[in-house]
Asks: 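First the structure, then my questions, so here it is.
Sequence lines set the chain letters: A, B, ... in the order given, protein chains first and strands last, and positions in each chain run from 1. All of these numbers come straight from a predicted model, not from anything done at the bench.
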There are 2 protein chains.
Amino acid sequence: MLQYDSSLDAAFAALADPTRREVVARLCDGELSVGKLAEPLDMSLSAVGQHLRILEQSGLIVSEKRGRTRFCRVDHQALSAVESWLGERRRHAEQRLDRLQSFVERRGNSDD
Amino acid sequence: MLQYDSSLDAAFAALADPTRREVVARLCDGELSVGKLAEPLDMSLSAVGQHLRILEQSGLIVSEKRGRTRFCRVDHQALSAVESWLGERRRHAEQRLDRLQSFVERRGNSDD
DNA sequence: CCTATACTGAAGTACATGCTTCAGTATGAT
DNA sequence: ATCATACTGAAGCATGTACTTCAGTATAGG
């Protein structure tokens, strides 16, 4: 059985929604309240709250309540974990392709 | 309005499923037929075909039919595009954090 | 205390997803 | 021509997702 990281399920699923990617992108610029995050979004505050819960459960963001306001920020290590999964596979695929290419070149220099 | 790449929707959604991530991971090792991909998976061939269609529509894999067999491989550039989205945000968030940290250090060396 | 602000939760609804089974098509082997 | 192989497509079904509205809680300010 292959290793399987269920936290990647949640992270990729969270990032599959354009609203949530926009939230993540904006939080990379710094901490924002739920209200400020909701302002430019064309949906109810309740819907934004649901998106934020999904992002928080995935580990991509963390939040903290100060007074009656909840502030959110990204966890860049969580972003990094997802990025790493992709990077490892991509490099593996590219290396395989490079080896194949140089193999073809070595035997190709005699004919064609 | 922020820039919005709808192809990321499909790519992230495709990668949110563990079966599809396993398929991508195995294809990074080289081309495989639909049947070979299905072999270790605990579901019908039809279900595997549906996963492969989703991966292909997202651009993460490409396939080609030779005779009655369809062979699939990853598109490492598509993997790279998703990786880049994450990398750009992560770097942005980290830089912001670094600047904040050195700011705190500069004013922190007088007291505490 | 009273009111506004900033969420937070529950219920409902429309649509999407991840399977299943069964039937069908196209190709390779005899 | 016949039969097995390798998918491929359609229909059905259970569950999950992305909202909505409305009601509720908790804190800040006057």
Asks: So where does chain B start and stop touching DNA chain C, 5' to 3', when the test is distance under 4.0 Å to a non-hydrogen atom?
Replies: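 Counting from the 5' end, contacts occupy C/dG18 to C/dG28.
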Asks: With a 4.5 Å cut-off on side-chain heavy atoms, are A/Leu86 and B/Leu86 touching?
Replies: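 Yes, at least one pair of side-chain atoms sits under 4.5 Å.
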Asks: Does the side chain of A/Leu15 come within less than 4.5 Å of B/Leu15's, by heavy atoms?
Replies: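 In short, these two side chains do not touch, never coming nearer than 4.5 Å.
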Asks: Distance from A/Arg90 atom CZ to B/Glu83 atom CD, nearest 0.5 Å?
Replies: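 It is 4.0 Å, given to the nearest 0.5 Å.
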Asks: Does any N or O in the side chain of A/Arg26 come within less than 3.5 Å of the main-chain N or O of A/Leu37, such that one atom is a donor and the other an acceptor?
Replies: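 Side chain of A/Arg26 to backbone of A/Leu37, a donor-acceptor pair under 3.5 Å: yes, one is there.
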Asks: Assuming nearest nucleotide by heavy-atom distance, tell me which of A/Asp17 and B/Arg70 is located more 5' along DNA chain D.
Replies: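 Going by which nucleotide is closer to the 5' end, it is B/Arg70.
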Asks: For a quick test of reading the model: is some side-chain N or O of A/His51 closer than 4.0 Å to OP1 or OP2 of D/dC19?
Replies: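 Yes, because at least one side-chain N or O of A/His51 sits under 4.0 Å from OP1 or OP2 of D/dC19.
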Asks: Rounding to a whole Å, what distance do you find between A/Gln57:CD and D/dT17:C1'?
Replies: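 Value for this atom pair: 13 Å.
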Asks: Answer yes or no: is there a side-chain heavy-atom contact under 4.5 Å between B/Phe71 and B/Leu27?
Replies: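 They are not in contact (no side-chain heavy atoms under 4.5 Å apart), so the answer is no.
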Asks: Reading DNA chain D from 5' onward, which residue's closest nucleotide shows up sooner: A/Ala13 or A/Ser46?
Replies: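 Result: A/Ala13.
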Asks: Using whole Å, what does the distance between atom P of nucleotide D/dA6 and atom CZ of B/Phe71 come to?
Replies: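 The answer, rounded to whole Å, is 10 Å.
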Asks: Pairs under 3.5 angstrom, nitrogen or oxygen only, protein versus nucleotides 26-30 of chain D, please.
Replies:
from: D/dT27; atom 1: O2; to: A/Arg68; atom 2: NH1; distance (Å): 3.2

Asks: Under a 4.5 Å cut-off applied to non-hydrogen side-chain atoms, are B/Leu41 and B/Val23 in contact?
Replies: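 With C-beta onward as the side chain, the pair touches.
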Asks: Is the cationic atom of B/Arg21 (NZ for Lys, CZ for Arg) positioned less than 6.0 Å from the six-membered ring centroid of A/Phe12 and within 45 degrees of its normal?
Replies: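 Judged by the rule, B/Arg21 and A/Phe12 form no cation-pi pair.
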Asks: For the residue pair B/Glu88 and B/His92, establish whether any side-chain heavy-atom pair is separated by less than 4.5 Å.
Replies: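 A side-chain contact under 4.5 Å is absent here.
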Asks: Could you tell me how far apart A/Leu45 (CG) and D/dC19 (P) are, to the nearest whole angstrom?
Replies: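 Whole-Å distance recorded here is 14 Å.
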Asks: Touch check for B/Gly49, heavy atoms < 4.0 angstrom, all strands: base, sugar-phosphate only, or nothing?
Replies: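 Nothing, no heavy atom under 4.0 Å.
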Asks: With DNA chain C as reference, determine whether A/Thr69 or A/Gln50 sits nearer its 5' end, using the nearest nucleotide of each.
Replies: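 Looking at DNA chain C, the more 5' nearest nucleotide goes with A/Thr69.
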Asks: Do B/Ile61 and B/Arg73 have side chains that get closer than 4.5 Å, going by heavy atoms?
Replies: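 No; the side chains remain at least 4.5 Å from each other.
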